Amino acid sequence: MIPIEFRAISDALSSEEGERIAIRGWVYRKREFKDKIFLVIRDSSGIIQCLARKDNQKAFEEARKATIESSVEVEGCIKKDPRAPGGCELKVDELKIVGLAAPFPITKSAVDASSDFLLDVRHLWIRSRRMTAILKVRDTVFRSIHDFFRSRGFYEVQAPMFVTAAVEGGASLFKVDYFGRRDVYLTQSSQFYLEVLIYSLERVYTIAPSFRAEKSRTRRHLTEFWHAEAEAAWMDLNELMRLEEDLICHIVSTVLSERAEELGLLGRNVKALELVEPPFPRLAYDEAIEILQEKGFDIQWGDDLGSDEERALTMDFEKPVFIYGYPEKCKAFYHKPDPSRPEITLSADLLAPEGYGEIIGGGERIENLDVLLDKIKKFGLDPKDYEWYLDLRRYGTVPHSGFGLGTDRLVMWICGLQHIREAVPFPRDIRKVYP
RNA sequence: GCCGGGGUAGCUCAGCCAGGUGGAGCGCCCGGCUGUUAACCGGGUGGUCGUGGGUUCGAAUCCCACCCCCGGCGCCA
């Protein structure tokens, strides 16, 4: 129908007055009058108002038929007009409906209520400007993670999703039917496989799903989440924390420079993000307990930090904050004891500010076979389940460290979202597996 | 696993305490409107009141059982 080349709407908006252009996209808003119809058309790049006048009867008639979310091709001339959103509109010469949309089920009331209904129609809600903005930020976050690790000499690797042993312990594993074989599960973490791979590549990372069958009902838990994990030979806890803060700063600054428009659309307070620069505050677990006791929390040394406690600690800082040196019993068995204080581990969590909480957990791993065996037994686990993991300590073991970043939580914090489900295109939690 | 809240029109909700012919806004359809910005104005359309049972002359409303959903905690990323 239309002889000239289609252009992105963002491109059309910056065209010269009077320029003849063609666009294609979906009807985002429609306002109908006696002698004119305004169609706001969206594509992946933006929105533009199109004006169909009655004197062009054919185009007017097509515009009249076009429903919200119908896909259309439009050709016309660019006109600067202060009355148009963005100060620029397209005067329609030709309009073709490609796919006429049935009445769109998502209404303003559902959007305003951020209702559960939007999750049931996520396959349609995904095209909203809000979800589009979040997905663009998410894209930038994932890409900047890859860029960062490559710039630091890390190799990207892939670990299996079907596994036979737990990383953290058995309670939160999804069991799968693997040709009738017993004890096959979906992975909770790629960490152990990354620990294998450092013996050939030394510095490795992966971005992959992790699965946790925890019956968590909170705004920061999913049963399937995207886990960015890294492991490095010879690295100690201080080097690890520097690496983590550099990673977070790189991601945040990339999003700030490339996704300012999307953050604005999401209503994110970017000033809070602009403060995210190294170094991050480092708080020893011991200090954290003292601070919490001063704040009136009923907490003793040795207790794990709950979400109220974490929130109270991050309140005092504008940047993400490290909590390091957790007691042995608060952390998984593979965390290395501090040689000078065996009751604590060389571990560190990174807590995001503004109440978002834990986004990274990591630390030094036990490299000594006997220490690891003792720890496994102490935690009530069976060394038989960890044979190949133990082998790594038998054949040229090295000190090493690693961490896991919850990318969905990171996107949630960077975008300022109320719920982690908003940060994922198709979230899976304890109930939702559709669409 | 523990604690709390809810299920009424396509969507968001009121009605329930105190039983008496099921409502509003949005959507959709029709009409109006000289440029709208989540348009606006008038009219119309639209319901096994989560499911099953009980009490009652009469149940969305009271009672019992069950199903489903939401939030918080714990666990973690």
Side-chain angles (χ1 to χ4, degrees), chain A residues 28-40 47-55 67-69 79 81-87 89 91 101-121 124-125 128-129 167-173 188-191 207-229 244 303-311 326 330-332 349-352 356-362 403-413 418-421 423-424 429-432:
Chain A
Y28 176 64
R29 295 273 187 273
K30 180 182 182 182
R31 296 175 200 104
E32 201 169 351
F33 293 85
K34 195 175 191 176
D35 62 339
K36 60 178 76 71
I37 297 169
F38 295 102
L39 293 179
V40 179
I47 59 171
I48 188 171
Q49 175 165 288
C50 301
L51 173 59
R53 288 187 173 282
K54 200 164 193 173
D55 49 23
T67 48
I68 298 292
E69 287 304 320
K79 184 173 183 287
D81 192 315
R83 295 171 296 185
E89 69 186 9
K91 294 172 73 179
F104 204 60
I106 298 174
T107 58
K108 171 180 150 27
S109 50
V111 175
D112 287 352
S114 292
S115 70
D116 190 47
F117 173 70
L118 295 179
L119 284 169
D120 295 332
V121 291
L124 301 175
W125 177 236
S128 64
R129 298 200 80 206
V167 172
E168 315 269 353
S172 60
L173 285 163
Q188 298 171 294
S189 164
S190 300
Q191 179 192 322
I207 306 181
S210 285
F211 305 89
R212 305 262 168 106
E214 296 155 351
K215 291 186 175 175
S216 303
R217 299 191 54 88
T218 79
R219 65 185 62 188
R220 60 190 185 286
H221 283 88
L222 296 168
T223 51
E224 174 186 310
F225 67 96
W226 282 81
H227 212 170
E229 293 177 276
E244 291 176 18
D303 293 342
D304 207 355
L305 305 178
S307 62
D308 282 350
E309 286 84 7
E310 287 187 353
R311 203 167 297 118
Y326 284 85
C330 296
K331 287 287 164 191
D349 287 353
L350 183 65
L351 310 182
Y356 282 91
E358 184 174 354
I359 52 173
I360 289 180
F403 68 90
L405 163 68
T407 59
D408 316 288
R409 286 186 180 176
L410 180 64
V411 170
M412 181 188 176
W413 165 53
Q418 288 305 301
H419 203 295
I420 196 167
R421 288 192 298 227
V424 187
D429 65 21
I430 182 170
R431 303 211 193 277
K432 281 276 183 279

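Throughout, a chain's letter reflects where its sequence line sits, starting with A, and its residues are numbered from 1. Quick caveat: nothing in here was measured; it's all calculated off a predicted structure.
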Fill in the blank from the handout: Checking C76(B), C70(B), G35(B) against the side chain of Lys36(A) (C-beta onward), the nearest is G35(B)
Problem - Which nucleotide in C11(B), C69(B), A77(B) has an atom nearest any side-chain atom of Arg431(A) - result: C69(B)
Problem - Contact check, side chains of Phe104(A) and Leu124(A), non-hydrogen atoms, under 4.5 Å - result: yes
Completion exercise
Among the nucleotides C33(B), C76(B), G71(B), whichever has the atom closest to the side chain of Arg219(A) is G71(B)
Fill in the blank from the handout: When rounded to whole Å, the CG to C1' distance for the pair Asp429(A) and G71(B) reads 12 Å
Problem - Closest listed nucleotide, where the reference is the side chain of Ala110(A) and the choices are U12(B), G72(B), G35(B) - result: U12(B)
Practice task
State plainly whether the residues Asp81(A) and Arg83(A) are in salt-bridge range, i.e. N to O under 4.0 Å.
Solution key: yes
Fill in the blank from the handout: From the candidates C75(B), U12(B), G35(B), the one with an atom nearest any side-chain atom of His221(A) is C75(B)
Problem - Within-4.5 Å side-chain heavy-atom neighbours: Val111(A) and Trp125(A) - result: yes
Practice task
Taking atom P in both G53(B) and C16(B), compute the distance separating them and give it to the nearest angstrom.
Solution key: 26 Å
Problem - Protein-nucleotide distance (Lys331(A), atom NZ; A77(B), atom P), rounded to Å - result: 6 Å
Handout entry: Short N-O contact, Asp429(A) and Lys432(A), less than 4.0 angstrom
Key = no
Exercise for the section: From the options C11(B), U36(B), G1(B), select the nucleotide whose nearest atom is closest to the side chain of Lys215(A). Expected result: G1(B)
Handout entry: Main-chain N/O of Ile420(A) paired to Arg219(A) side chain as donor or acceptor, under 3.5 Å
Key = no
Exercise for the section: Between Ile359(A) and Phe117(A), just flag the one whose closest nucleotide in RNA chain B comes earlier from the 5' side. Expected result: Phe117(A)
Exercise for the section: Have a look at Arg421(A) and say if it touches a base, only the backbone sugar-phosphate, or nothing, with a 4.0 Å heavy-atom cut-off. Expected result: sugar-phosphate
Handout entry: OP1 or OP2 of C73(B) under 4.0 Å from side-chain N/O of Arg311(A)
Key = yes
Practice task
Classify the side chain of Gln418(A) and the base of G71(B) as holding, or not holding, a donor-acceptor pair under 3.5 Å.
Solution key: no
Practice task
Output the single nucleotide from C70(B), C76(B), C11(B) whose closest atom is nearest the side chain of Ser115(A).
Solution key: C11(B)
Practice task
Remember a base hit wins even if backbone is also touched, and classify Ala228(A) as base, sugar-phosphate or nothing at under 4.0 Å, heavy atoms.
Solution key: nothing
Practice task
Please measure how far the C1' atom in U8(B) lies from the corresponding atom in U51(B), and state the result in whole Å.
Solution key: 15 Å
Exercise for the section: Provide the distance between the two C1' atoms, one in G35(B) and one in G22(B), to the nearest whole Å. Expected result: 42 Å
Handout entry: Side-chain touch Glu358(A)/Leu350(A), heavy atoms, less than 4.5 angstrom
Key = no
Practice task
Name the nucleic acid region contacted by Arg220(A), choosing base, sugar-phosphate or nothing; use a 4.0 angstrom heavy-atom cut-off, strictly under.
Solution key: base
Practice task
Using a 4.0 Å heavy-atom cut-off across all strands, classify Ser307(A) as base, sugar-phosphate, or nothing.
Solution key: sugar-phosphate
Exercise for the section: Indicate, with a heavy-atom threshold strictly under 4.0 Å, whether Asp408(A) touches base, sugar-phosphate, or nothing. Expected result: nothing
Problem - Rounded interatomic separation in angstrom, taking CZ from Phe104(A) and P from C28(B) - result: 12 Å
Problem - Whole-Å P distance, C30(B) and G71(B) - result: 39 Å
Exercise for the section: Evaluate the side-chain proximity of Leu39(A) to Tyr28(A): yes if any heavy-atom separation is below 4.5 Å, no if none is. Expected result: no
Handout entry: Whole-Å C1' distance, G20(B) and G32(B)
Key = 41 Å
Problem - Among G71(B), C11(B), A77(B), the nucleotide that comes nearest once only the side chain of His419(A) is considered - result: G71(B)
Handout entry: Between C3(B) and G10(B) - C1' atom distance, rounded Å
Key = 34 Å
Practice task
Indicate, with a heavy-atom threshold strictly under 4.0 Å, whether Ile360(A) touches base, sugar-phosphate, or nothing.
Solution key: sugar-phosphate
Problem - Side-chain-base donor-acceptor pair under 3.5 Å for Arg409(A) and C76(B) - result: yes
Fill in the blank from the handout: Atom CD of Glu358(A) and atom C1' of G74(B) are separated, to the nearest Å, by 14 Å
Handout entry: Under-3.5 Å donor-acceptor pair between Glu32(A) side chain and U36(B) base
Key = no
Practice task
Specify the separation, in whole Å, of atom CG of Asp35(A) and atom C1' of U36(B).
Solution key: 12 Å
Exercise for the section: Take the protein atom CD of Glu310(A) and the nucleotide atom C1' of C75(B), then report the distance between them rounded to whole Å. Expected result: 11 Å
Problem - Nearest-neighbour nucleotide for the Pro103(A) side chain, A77(B), G35(B), C28(B) considered - result: C28(B)
Practice task
Give one of base, sugar-phosphate or nothing for Gly306(A), where a contact means two heavy atoms less than 4.0 Å apart.
Solution key: sugar-phosphate
Practice task
Look at all strands and tell whether Glu89(A) reaches a base, only sugar-phosphate, or nothing, counting heavy atoms closer than 4.0 Å.
Solution key: base
Exercise for the section: Mark yes or no for a side-chain to base donor-acceptor pair under 3.5 Å between Arg217(A) and G4(B), with no hydrogen or angle criteria applied. Expected result: no
Exercise for the section: Pick base, sugar-phosphate or nothing for Asp304(A), based on heavy-atom distances below 4.0 Å to the nucleic acid. Expected result: sugar-phosphate
Exercise for the section: Look at the side chain of Ser216(A) and the base of C76(B), then say whether one donor and one acceptor between them are separated by less than 3.5 Å. Expected result: no
Exercise for the section: Would you check if there is a donor-acceptor pair between the side chains of Ser189(A) and Glu229(A) at a distance under 3.5 Å? Expected result: yes
Problem - Any donor-acceptor N or O pair under 3.5 Å, side chains Ser172(A), Gln188(A) - result: yes
Exercise for the section: Remember a base hit wins even if backbone is also touched, and classify Leu51(A) as base, sugar-phosphate or nothing at under 4.0 Å, heavy atoms. Expected result: base
Practice task
Report the base-pairing partner of U48(B) (Watson-Crick or G-U wobble, both distances below 3.5 angstrom), or none.
Solution key: none
Exercise for the section: Figure out the CD/C1' separation between Glu214(A) and C73(B), and round it to whole Å. Expected result: 13 Å
Completion exercise
Taking for Thr223(A) and for Pro82(A) the nucleotide of RNA chain B with the nearest heavy atom, the one nearer the 5' end belongs to Pro82(A)
Fill in the blank from the handout: When both distances are under 3.5 Å in a Watson-Crick or G-U wobble arrangement, the nucleotide paired with C29(B) is G43(B)
Exercise for the section: May I ask you to verify whether the side chain of Thr107(A) and the base of C26(B) hold a donor-acceptor pair under 3.5 Å? Expected result: no
Fill in the blank from the handout: Answer for the Watson-Crick or wobble partner of G1(B), both distances under 3.5 Å, is C73(B)
Practice task
Return the nucleotide paired to U61(B): Watson-Crick means purine N1 to pyrimidine N3 with N6-O4 or O6-N4, wobble means G-U with N1-O2 and O6-N3, both under 3.5 Å.
Solution key: none
Exercise for the section: Can you tell me, in whole Å, how much space there is between the P of G52(B) and that of A18(B)? Expected result: 27 Å
Exercise for the section: Considering only atom P, compute the distance from G6(B) to C63(B) and round it to an integer number of Å. Expected result: 14 Å
Practice task
Tell me yes or no: between the side chains of Thr107(A) and Ser109(A), is some donor less than 3.5 Å from an acceptor?
Solution key: yes
Problem - pi-stack flag for Phe38(A) and G35(B), centroid dist under 5.5 Å, interplanar under 30° - result: no
Exercise for the section: Take atom CG of Leu118(A) and atom P of C26(B), then tell me their distance rounded to the nearest Å. Expected result: 19 Å
